[in-house]
Amino acid sequence: MIQAGGRKTATMQLEFECSNVNKWKEALASYEACVESLNKPNLISLDDYYRKELPSLIHQRNPNPHINTTELSKLVRWKLTRGKWRPRLLVFVSSLDDSSVKSASEKAFKSLPDLTKAVSELTVLKGVGPATASAVLAAYAPDLAPFMSDEAMGAALGHSKDYSLKQYLLFADKLQAKAKELVSEENCFTPFDVERALWSSAIGLKLKASKSNQDSEIKTTKNSKRKRKH
């Protein structure tokens with residue numbers, strides 16, 4: 001384990017086929033520490049917003065749940081900050097008409113549990129592909145729709161760069177099945193939880209590798225200094 005702000009990040013690889021609930025719980029428990037350890041500007045507050053504030057806002061709008069352009073822009077900023085930064089995507093989304101975003105998201109939420117229809121309703125918006133659509137759906141229905149992150153995709157389907165609707169449906173199906181496998185009277189696991197556990201494991205391993213490289217460089221530098229003294 002690597003310490004991050006007093007918390008521990010996962011440093012053991014979590015194989016998707018793993019059926020050990022404790023390993024999944026350990027990876028999931030390290031999520032916030034992994035977010036913190038990335039040291040990315042505003043990621044902690046954006047992640048709190050995405051996981052806690054936004055779902056509450058959406059559900060408060062029942063029976064017509066939806067999101068607006070400002071909320072979608074903030075969600076996309078979270079997605080890009082936690083993953084790969086693509087500023088053009090944020091420009092596209094921020095320029096969307098508020099009524100279009102409200103209409104598309106309301107139709108998408110009402111289409112659930114039909115993920116095909118729900119994703120399709122959202123991807124009519126410029127700048128919104130299946131991955132961003134999955135983030136919107138996960139904020140509203142984490143028990144059904146996992147977020148399509150690079151790390152979880154790699155763990156569940158191999159390192160595919162195919163971010164199509166067809167690939168998302170395969171991904172969602174696998175994470176739903178894994179959540180059902182892990183759930184019990186003592187443990188509550190959603191597809192959204194499975195994604196975060198896989199992400200945490202992948203990030204924890206990257207941090208461990210990065211720390212090992214830094215330690216090696218420091219050791220090499222110290223050895224070079226010693227040789228120069230001789």
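Note that the structure is predicted; figures quoted are calculated from it, not measured. For the single chain, residues carry numbers from 1 onward in sequence order. What's counted below: heavy atoms across the whole structure, side chains too, no hydrogens, waters or symmetry copies.
Side-chain contact check for Ser56 and Gln60: at least one donor-acceptor pair (N or O, by modelled atom type) lies under 3.5 Å. Inspection of the Thr190 and Asp193 side chains reveals an N or O donor paired with an N or O acceptor under 3.5 Å. Side-chain atoms of Asp114 and Ser111 form no donor-acceptor pair, as typed in the model, at a separation below 3.5 Å. Under 3.5 Å, the side chains of Glu195 and Ser149 contain a donor-acceptor pair of N or O atoms.
The pair Glu32-Arg51 meets the salt-bridge criterion, with a side-chain N (NZ, NE, NH1 or NH2) lying under 4.0 Å from an Asp/Glu carboxylate O. The existence of a salt bridge linking Glu106 and Lys110 is confirmed by a sub-4.0 Å separation between a basic side-chain nitrogen and an acidic carboxylate oxygen.
One finds the CG atom of Asn68 at 11.5 Å from the CG atom of Asp97 (value rounded to the nearest 0.5 Å). Atoms CD and NZ, on Glu151 and Lys206 in that order, are 4.5 Å from each other to the nearest 0.5 Å. To the nearest 0.5 Å, atom CD1 of residue Ile58 and atom CD of residue Glu71 are 7.0 Å apart. Atom CZ of residue Arg82 and atom OH of residue Tyr50 lie 8.0 Å apart, to the nearest 0.5 angstrom. To the nearest 0.5 Å, atom NZ of residue Lys178 and atom CG of residue Leu198 are 9.0 Å apart. Between atom CD1 of residue Ile203 and atom CZ of residue Arg196 there is a gap of 14.0 Å, rounded to the nearest 0.5 Å.
Nearest heavy-atom pair, Lys161 versus Lys84, reported as atom, atom and distance to 0.1 Å: NZ-NZ, 4.0 Å. For the pair Leu125 and Leu72, the tightest heavy-atom approach, listed with the atom from each and the gap, is CD1-CD2, 4.4 Å. Heavy-atom minimum distance, Ala179 versus Pro191: CB-N, 3.7 Å. Contact between Tyr163 and Met148 at its shortest, heavy atoms only, is CA-CE, 3.7 Å. Between Ser134 and Pro146, the closest heavy-atom pair is CB-O, 3.6 Å. Here the shortest heavy-atom pairing between Ser120 and Thr123 reads O-OG1, 3.3 Å.
Under a 3.5 Å cut-off, the side chain of Glu121 and the backbone N or O of Ala118 do not form any donor-acceptor pair. Here the side chain of Asp47 pairs no donor or acceptor atom with the backbone of Ile44 at under 3.5 angstrom. A donor-acceptor distance shorter than 3.5 angstrom exists from the side chain of Lys40 to the backbone of Gly83, with no hydrogens or angles considered. Of the possible polar contacts, none joining the Ser30 side chain to the Ala33 backbone as a donor-acceptor pair under 3.5 Å is found. With hydrogens and angles ignored, the 3.5 Å screen pairs a side-chain donor or acceptor of Asp98 with a backbone N or O of Thr69.
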- Apply the test side-chain hydrogen bond (donor to acceptor under 3.5 Å, both in side chains) to residues Ser45 and Asn42: give CA-CA distance (whole Å), side-chain angles for both, the deciding distance (0.1 Å), then the verdict. CA-CA 5 Å; Ser45 60; Asn42 303 318; 4.5 Å; no
- Task: Walk me through it: do Leu89 and Lys79 pass the test side-chain contact (heavy atoms from CB on, under 4.5 Å)?
- Result: CA-CA 11 Å; Leu89 196 63; Lys79 173 180 175 281; 4.1 Å; yes
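The shortest distance between side-chain heavy atoms of Val76 and Thr132 falls below 4.5 Å. Proximity of Leu169 to Asp173: side-chain heavy atoms (C-beta onward) are nowhere separated by under 4.5 Å. Between Phe147 and Leu137 the shortest side-chain heavy-atom distance does not fall below 4.5 Å. Contact annotation: the side chain of Leu80 approaches that of Arg86 to within less than 4.5 Å [non-hydrogen atoms, C-beta and beyond]. For the pair Ser105 and Leu122, the minimum side-chain heavy-atom distance is below 4.5 Å. Here the side chains of Leu28 and Ser200 are not in contact, with every heavy-atom distance at 4.5 Å or above. Annotation: side chain of Gln167 is not in contact with side chain of Phe171 (no heavy-atom distance under 4.5 Å). Between Leu115 and Gln176 the shortest side-chain heavy-atom distance falls below 4.5 Å.
Taking hydrophobic clusters as Ile, Leu, Val, Met, Phe, Trp and Tyr residues chained together by side-chain heavy-atom distances below 4.5 Å, Leu165 shares a cluster with Leu157. If you chain together hydrophobic residues whose side chains sit under 4.5 Å apart, Leu96 and Val124 fall into the same group.
Screening residues 177-209 for ring-ring contact (aromatic ring centres under 6.0 Å, His included), with sequence neighbours left out, gives Tyr31-Trp199. Applying the ring-ring contact (aromatic ring centres under 6.0 Å, His included) rule to pairs touching residues 79-138 yields Phe109-Tyr140, sequence neighbours excluded.
Annotation: Lys23, atom NZ; neighbour count of heavy atoms from other residues, nucleotides and ligands within 6.0 Å does not exceed 12.
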